[in-house]
Number of protein chains: 2
Amino acid sequence: MTETRDDTFVSGYLLYLLAASSEEASAQFHDHIRAQGLRVPEWRVLACLVDNDAMMITRLAKLSLMEQSRMTRIVDQMDARGLVTRVADAKDKRRVRVRLTDDGRALAESLVASARAHEARLLSALADTDAARIKGVLRTLLDVLDRPAEGA
Amino acid sequence: MTETRDDTFVSGYLLYLLAASSEEASAQFHDHIRAQGLRVPEWRVLACLVDNDAMMITRLAKLSLMEQSRMTRIVDQMDARGLVTRVADAKDKRRVRVRLTDDGRALAESLVASARAHEARLLSALADTDAARIKGVLRTLLDVLDRPAEGA
DNA sequence: TCGATTTATATGATTTTTCATATTTCTGAC
DNA sequence: GTCAGAAATATGAAAAATCATATAAATCGA
């Protein structure tokens with residue numbers, strides 16, 4: 001247990017705490033995703049589309065925190081698996097809208113339900129004050145980050 | 001600005017908030033890392049070694065949130081670049097200790113200084129209450145996650 | 001002390017990811 | 001309308017990450 005004690009730079013560094021929390025908090029649920037034969041990026045796409053079907057590839061990529069060319073290929077694979085279909089946008093032919101198939105929607109909804117349950121378990125493991133604060137703090141951080149930003 | 005309004009599942013989902021915060025908070029600094037000709041995983045190794053030189057590959061991998069075989073190859077490259085050297089552990093010959101070279105240490109220390117400065121800027125962009133809370137909340141989450149865990 | 005097990009690292013093969021760029025379509029200035 | 005540039009997607013080639021497993025060294029029990 002008594003690893004090299006931790007008053008180190010890394011253990012208190014905000015970007016480390018964020019990366020590690022994200023990684024570890026997601027690990028269990030990501031295992032669940034993979035157990036369903038999906039990869040994590042595919043799950044992210046499904047979750048986005050449940051919220052808002054027929055998104056463009058570009059927006060899907062932004063929301064799923066990944067590059068456009070990667071998203072293109074992920075959509076390829078999901079299309080091949082019958083989870084989504086590509087639909088041309090009538091107004092703008094450059095755009096590709098990604099739409100859930102019935103299978104895709106069913107899977108997505110079931111996974112969202114699992115995700116909610118898993119999240120509830122995570123939050124219930126925290127003290128009430130922490131559980132109440134965590135999302136707010138993260139949202140605030142995201143807000144700050146989305147603003148133009150003045151300094152380097 | 002008025003993207004499809006956001007009272008969606010994803011935008012309030014803890015694992016998304018964590019991943020997005022981590023991603024976006026790190027983006028600027030990671031650009032800085034790459035501008036120095038380093039990749040992010042290499043920076044992580046340097047940061048770990050500044051805290052605690054001559055770590056084993058396995059421990060380095062765990063702390064840097066990546067797989068062992070990947071860490072082996074990253075150490076290969078850092079070794080080739082003259083940032084670290086491999087040192088056999090006298091007590092246990094299976095172990096490989098990774099030690100900073102002088103160049104590696106100089107680079108690492110300079111990057112840690114930048115990291116601290118960047119972190120200070122991030123925190124100062126938050127309201128005092130949020131800045132005061134964020135690390136504590138994340139640490140609590142990490143603590144909870146490291147505990148055995150009872151339910152599925 | 002022998003053999004079985006576990007731990008630490010490395011490696012080959014495959015799959016992902018990235019990077020740069022091509023292609024198509026749209027937009028705006030003229 | 002035409003042209004220059006921007007935006008959305010796709011794709012080839014290269015780099016990186018993963019997975020399974022090999023190798024080597026330690027540990028634990030009988």
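Quick caveat: nothing in here was measured; it's all calculated off a predicted structure. Order of the sequence lines fixes the chain letters, A, B, ..., with proteins taken first and strands second; residue numbering starts at 1 for each chain.
The CD atom of B:E42 sits 13 Å away from the C1' atom of D:dA15 (whole-angstrom rounding). We find that NZ of B:K91 is positioned 15 Å from C1' of D:dT27, with the value rounded to whole Å. Per the geometry, CE belonging to B:M66 stands 15 Å off P belonging to D:dC19, to the nearest Å. Here C:dA10 presents its C1' atom at 18 Å from NZ of B:K93, a figure rounded to the nearest Å. Look at CD on A:E23: it is 13 Å from P on D:dA17, rounded to the nearest Å. In this entry the distance linking NE2 of A:H30 with P of D:dT18 reads 13 Å, nearest Å. What separates CE of A:M71 from P of C:dC19 is a distance of 16 Å, to the nearest Å. Look at CZ on A:R34: it is 17 Å from P on C:dT15, rounded to the nearest Å.
When side chains are defined from C-beta on, A:V50 does not count as touching B:F9, because their heavy atoms never get closer than 4.5 Å.
Taking the charged nitrogens against the carboxylate oxygens, A:R94 and A:D92 do have a contact shorter than 4.0 Å, which makes a salt bridge. Ion pairing between a basic and an acidic side chain is recognised when a charged N comes within 4.0 Å of a carboxylate O; B:R105 and B:D102 show no such pairing. Taking a cutoff of 4.0 Å between a charged side-chain nitrogen and a carboxylate oxygen, A:E42 and A:R39 qualify as a salt bridge.
In this structure, CG on A:L60 lies 5.5 Å from SG on A:C48, to the nearest 0.5 angstrom. One finds the CE atom of B:M78 at 8.0 Å from the CG atom of B:L107 (value rounded to the nearest 0.5 Å). Atoms CG and CG, from B:L138 and A:L138 in turn, are 6.0 Å apart once rounded to the nearest 0.5 Å. Expressed to the nearest 0.5 Å, how far CG of A:L63 lies from CZ of A:R44 amounts to 11.0 Å.
For the pair A:A90 and A:R39, nearest-nucleotide mapping onto DNA chain C gives the more 5' position to A:R39. Position along DNA chain D of the nearest nucleotide to B:E67 versus B:Q77 favours B:Q77 as the more 5'-ward residue. Across the interface with DNA chain C, nearest-nucleotide mapping of A:D89 and A:I74 shows A:I74 to be the residue nearer the 5′ end.
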Trace of the side chain to side chain contact (heavy atoms under 4.5 Å, CB included) decision for A:T140 with B:I134: CA-CA 10 Å; A:T140 305; B:I134 189 162; over 6 Å; no
Going 5' to 3' through nucleotides 4-11 of chain D and flagging B where a protein heavy-atom sits under 4.0 Å of the base, S where only the sugar-phosphate is that close, and - otherwise, we get --BBSBBB
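Comparing the end axes of the helix from C:dT1-D:dA30 to C:dC30-D:dG1, each fitted to five base pairs by superposing C1' atoms of four pairs onto the next four, gives an inter-axis angle of 30° (nearest 10 degrees).
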